[in-house]
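Counting starts at 1 for both ligands and their atoms, in listed order.
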Amino acid sequence: MYRDLTEDIAKVLLTEQQIRQRVQEIAETIDRDYRDKDGKLVLLCVLKGSVVFMADLMKAVSLPVDIDFMKVSSYGSATVSSGNIRILLDLHREDIANCHIIIVEDIIDSGRTLSHLTKYLELKGAKSVRTCTLLDKPERREVDFTPDYAGFVIPDEFVVGYGLDYNEAYRELSFVGILKPSVYSSMHREEKDEK
Ligand code: IMP
Ligand code: MG
């Protein structure tokens, strides 16, 4: 009944150790950038993929932080994110005008999620809005968007682990790996067979 998920990984792209070191570096940059700012620093986790990164980042940042969560969905297939963003869990803060928000994301692909969310939070009246992503796939960009903090620029491959999923699986892996294409092509075949 239990399967070894690592069998579905073609290649480990980022080890736990590499990620830990980079998270520490990002945290130190955030500490420097915000230590003299007035207002509250809020790390805003975009559910669910960013949960693991968020947990490590909030511990590594030395400044006091508030945490919050939003959930958005983009319509599309499991390996291709589409342009339509829907807010499933919103942010409600009375003190938003006093908040410096850093949106914490797992990966930027088309750029639509973060570009939309940034504008949305600015319109809500945040004191400032910046973005922090663990992974960036610039080759797939459809809208012009550059994150303020980025962990690693990666090639155009579908990756899982350290919070990132394929159909909700693989989030618990402690590293980031490239998923074997046979995993999603065989799933598509099964889906088609059912129709
Ligand atoms: P964007 O709006 O196209 O930038 O979409 C970003 C979202 O697409 C991420 O938050 C992920 O949920 C998903 N995504 C994009 N690429 C990957 C990937 O390689 N692995 C897992 N999820 C991905
Ligand atoms: Mg996802």
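- Using a 4.0 Å cut-off between heavy atoms, Glu142 makes no contact with ligand 1 at all.
- Heavy-atom separations between Lys137 and ligand 1 include at least one value shorter than 4.0 Å.
- For ligand 1, the polar-atom distance check finds an N/O of Val159 within less than 3.5 Å of one of the ligand's N/O atoms.
- Proximity of Asp165 to ligand 1, defined as any heavy-atom pair under 4.0 Å, is confined to the backbone N, CA, C and O atoms.
- Those atoms of ligand 1 with a heavy atom of Asp106 less than 4.0 angstrom away are 9 (C), 10 (O).
- For the 3.5 Å distance criterion, the side chains of Gln21 and Gln17 fail to qualify, holding no donor opposite an acceptor.
- The Gly111 neighbourhood of ligand 1 comprises atoms 1 (P), 3 (O), 4 (O), with distances under 4.0 Å to a heavy atom of that residue.
- Within the model, atoms NE2 of His92 and NZ of Lys124 stand 6.0 Å from one another, a figure rounded to the nearest 0.5 Å.
- Among Val46, Val72, Ile107, the residue whose heavy atom lies closest to atom 11 (C) of ligand 1 is Ile107.
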In residues 36-60, what donor-acceptor pairs under 3.5 Å come from side-chain atoms, sequence neighbours left out?
from  : atom 1 : to     : atom 2 : distance (Å)
Lys37 : NZ     : Asp33  : O      : 3.3
Lys40 : NZ     : Asp95  : OD2    : 3.0
Lys48 : NZ     : Glu168 : OE1    : 3.0
Ser50 : OG     : Val46  : O      : 3.0
Ser50 : OG     : Val104 : O      : 3.1
Ser50 : OG     : Glu105 : OE1    : 3.4
Ser50 : OG     : Asp106 : N      : 3.0
Asp56 : OD2    : Tyr162 : OH     : 2.6

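- Under a 4.0 Å criterion applied to the non-hydrogen atoms of Glu105, ligand 1 contributes the atoms 10 (O).
- Nearest-residue assignment for atom 4 (O) of ligand 1 (options Thr113, Asp156, Asp109, Thr133; heavy-atom criterion): Asp109.
- For the atom pair SG (Cys99) and CG (Asp68), the distance works out to 8.0 Å, reported to the nearest 0.5 Å.
- Close approach to Glu157 involves these atoms of ligand 1, each under 4.0 Å from a residue heavy atom: 19 (O).
- Near Ser110, with a cut-off below 4.0 Å to any heavy atom, the atoms of ligand 1 are 1 (P), 2 (O), 3 (O), 4 (O).
- The side-chain heavy atoms of Phe158 and Val183, taken from C-beta on, include no pair separated by under 4.5 Å.
- Scanning all heavy atoms of the two residues, the minimum distance from Asp165 to Asn167 falls at OD2-N, 3.5 Å.
- By the side-chain contact (heavy atoms from CB on, under 4.5 Å) test, Arg141 pairs with Ile108, Asp136, Phe145, Pro147, sequence neighbours left out.
- Atom-to-atom distance recorded for Asp148:CG and Ile102:CD1 is 8.5 Å, nearest 0.5 angstrom.
- The heavy atom nearest to atom 17 (C) of ligand 1, considering only Phe158, Tyr166, Tyr170, is found in Phe158.
- Ring planes of Tyr166 and Tyr184: tilted class, angle from 30 to 60°.
- Within the listing of ligand 1, atoms 20 (N), 21 (C), 22 (N) sit less than 4.0 angstrom from a heavy atom of Leu164.
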